[in-house]
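See below for the structure under consideration.
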Amino acid sequence: MISLKGQLGTYLKRKLNSPANAFIKPFSEEELRNNAPQVVTCNEYHREVSVTQNIAGKHIDRVFTFDKVFGPNAQQKDLYEQAVIPIVNEVLEGFNCTIFAYGQTGTGKTYTMEGECKRSKSGPNGELPPEAGVIPRAIKQIFDTLESQNAEYSVKVTFLELYNEEITDLLAPEEISKVALEDKQKNNCHSWKMGKEVFLETTPEGEELIKCGKLNLVDLAGSENISRSGAREGRAREAGEINKSLLTLGRVINALVEHLGHIPYRDSKLTRLLRDSLGGRTKTCIIATVSPAVHCLEETLSTLDYAHRAKNIKNKPEVNQKMMKSTLIKDLYGEIERLKAEVYAAREKNGVYIPKERYYQEESERKAMADQIEQMGMTIENHQKQIEELQAKYDYQVQQCFDLGNKLDATQASVELKQKVNSSRALYVSHFEAVQNVVRLHKAGSNAALQELSALTSSNSQSIEEFLSAEANEAKKVLDDLQETLISQQGEMAHLARELRQRFHASIEHLMNTSESVHGFLDKLFKESKRLECHATQVDEIQTQCIAEFRKAYEEQSRSEAEKLIADMTSLVSDCMRRQKEMVDAKLDDLSDSATGNKLFLDGYVSTIDGITTDLKRKWQDSFMQTESNFKDNADFSAAKHCHMELLLQKCVNSADTALERWQRTQESLNDMGNQHASTIGSHVRNMWYNNEQHDAEIESAKVMVEDDIKENSEDLIRWFDETLENLGSDHSQQVASIEQHAIDTFRRKYMDYEPTGTTPVRCEPDIPSKGTIESLRAMPMDALQEEFRENNSYESFHVKEPKPSLIPRAPLSQIN
Ligand SMILES: Nc1ncnc2c1ncn2[C@@H]1O[C@H](COP(=O)(O)OP(=O)(O)OP(=O)(O)O)[C@@H](O)[C@H]1O
């Protein structure tokens, strides 16, 4: 395969579904004999294949549509012309294309791909027989097209067989004979074949650019194997029936159709080979082959399903970049140089060659290191797990700390609250005391007021009484005095008295009311103070209780938890640190060990490589000088050879001229001889013809004479018999015998005892050259001629040798041929 790196050229992109075609095989003779029912029909015009299924007594048709459909009567030519020619044309345009034959065993994949050319003969003008399949037709089309284009071209064919994940090159000379033998042994049985592929690479050359296209023709194994790749995969693999390549092909098709992220191309050699052909830059065409018979129904449905699914695989065909001739030549030179270097290294053993013991030692070291690495990996894994566990514990402790911190905060808050409550309680107490004082004061005040009031009340009533009595006395006096003068003012005075009485009663009433409200207020105050006192006591109690509890709980919990936490943390941290330290130490030790080992190893390698490099340098210089001198020698040798070849060529031309001259002379003499022989033979023929005619006339006259004689004698005999019969006596048998003897004697005398007359001409041999003579005129065989020529004109000899005399005795005309 030619590398296409960094070339110029056209770049065409398309995105295509893979064309899928269905081909229905005709019934086999056995199926026809058994009258096998047909369940698959097709409509070529609508490109549909219908499969009739009988499910629960009902006929159900499943219809599949393809790009092209070919019925049992279709010819190989039809399939090729309609489905394959466009693809081969694309190959000649520089695309890479692939054609798969896919189907159940015995449905005609090989027939479609290869055909049956062996049985039938090719037609005139090299035409292929009607049974020829896709492969011979594609090869013919490629060659015909390239020939008609008058372009320089090269076609590379690879013919591979894939069996049990092993690739065999069927065109390798030893493989050709092996396969032929196997074929014979297996009586052309196809069961051994799991997949055959033909890769055709064409490279027609233009003025400066080279087009390169590749055609892959793949004849797969029976698809019944692929169809098992689903649910029965595990079982089938266990049974060991499945070819890995086919399984993977099934999975790759599934993955491509379902647009899965991962396409398992790398899982088998077949899919690796066809990687680019499946969902890649190659045009892919699938020919699904099915049988119309009912006993193949399941596999037919599976094949059609698969092909139909595969139809949805999207390919992005791109035309291969055209290559500059100069680039190609450069590439080829590079390749030649590389191959030369490889051959040189293999021959001179100057590559990386190490002694066996060292190789084994290094191998064992490598294995030991691999084991060590594995162990270290496991240790690291364990450490990782431990670290994870410690981390989890640490996280748990951190969480606990956090929770405790929260609790602490909450406790502090509650302590503050208690303090606040305490202060408020003190405030309350002081307030309460103040209120008590006030109440006391009020009480004292109210008592004094009551006393005052009662004193006031009693003094008032006394004074009023005194006043009234004085007044009354006075009034009596006045009245008495004035009774006479003020009898008219008595009403006013009574009124005033009443008014004063009313006022007095009102003030008494007012005082009474005031004292009642003061009493109520005081009662209220008293009750409130009692309640507050009660509350304060409760609050006090609660506070004391809270403080006591909190103190107790806090002290206990915080002490124990803190202690525990600190202890845990300390142990954890120390444990963790110890382990980490151990791990780090161990790792450091390991690393330093392995580093020391590696360093030693590397030092060894470096010194070896240094040695090898020095050796190589020296060898390179030697070989360079050697190559240079060889090149010079070769150039001289080539020049001498060239001269020698020219001489030889000139000699050949001269010999050819001489031979031509001789040939012409010989031809003339042959013509003369021929003419002579022809005239001799003519005269001989004429003589013989004349003699023959004479013979005929003589025989005719003899015949007439004999007939007359026989007639005459017969009549005599009959007459004589009649007479004898009349005179017949008792001893007639003797007479009859004597008569018979007489008749026979007469006949013999007359016709058998023939004496030649000497007038009939004698047969003579014509003077024609014998077969032996002609054989002796034949030229020597070509191989012998070449051998003789080579011996007389050896390449090694620069001198023109005397030609050796021919080993085979030759007739003078031997140079004609
Ligand atoms: N279109 C056809 N016309 C006539 N005969 C056919 C046709 N197709 C197939 N056959 C015959 O059927 C038989 C089986 O065909 P073939 O070997 O090509 O099947 P296959 O699918 O390649 O089988 P396997 O998977 O075993 O390779 C052969 O004898 C072949 O000649």
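Values below: all heavy atoms of this structure, side chains included; hydrogens, waters and symmetry mates excluded. Numbering of residues begins at 1 and proceeds along the displayed sequence. Each ligand, and each atom within it, is numbered from 1 in the order the structure gives.
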T112-ligand 1 polar pair, N/O distance under 3.5 Å: no

Ignoring angles and geometry beyond distance, decide whether E116 reaches within less than 3.5 Å of ligand 1 through its nitrogen or oxygen atoms. yes

Give a yes/no verdict on whether any heavy atom in P26 is under 4.0 Å from an atom of ligand 1. yes

Using heavy-atom distances, let me know which of K109, K25, M113, E29 sits nearest atom 25 (O) of ligand 1. K109

Check if Q104 has a non-hydrogen atom at a distance under 4.0 Å from any atom of ligand 1. yes

Can you tell me if S291 uses its side chain to pair, donor with acceptor, with the backbone of A293 under 3.5 Å? yes

In chain order, what residues pass the salt bridge (charged side-chain N to carboxylate O under 4.0 Å, His left out) check against E48, with sequence neighbours excluded? none

Pairs of nitrogen or oxygen atoms closer than 3.5 Å, one from F23 and one from ligand 1: do any exist? no

Any idea which heavy atoms bring Y111 and Q76 closest together, and the distance? O-NE2, 2.8 Å

Under a heavy-atom criterion of less than 4.0 Å, does T107 contact ligand 1? yes

Is E258 paired with R309 through a side-chain N to carboxylate O contact shorter than 4.0 Å? yes

Walk me through it: do R33 and E30 pass the test salt bridge (charged side-chain N to carboxylate O under 4.0 Å, His left out)? CA-CA 5 Å; R33 249 199 323 277; E30 197 189 335; 5.2 Å; no

Before you tell me yes or no, could you show the steps for D78 and K68 under salt bridge (charged side-chain N to carboxylate O under 4.0 Å, His left out), namely the whole-Å CA-CA distance, both residues' side-chain angles and the distance that decides it to 0.1 Å? CA-CA 11 Å; D78 302 334; K68 297 263 162 29; over 6 Å; no

Under 4.0 Å from one or more heavy atoms of T110, ligand 1 contributes atoms 18 (O), 20 (P), 22 (O), 27 (O)

Short N or O distance, G108 and ligand 1, threshold 3.5 Å exclusive: yes

Y306 and Y102 aromatic ring geometry - parallel, tilted or perpendicular at 30°/60° bounds: tilted

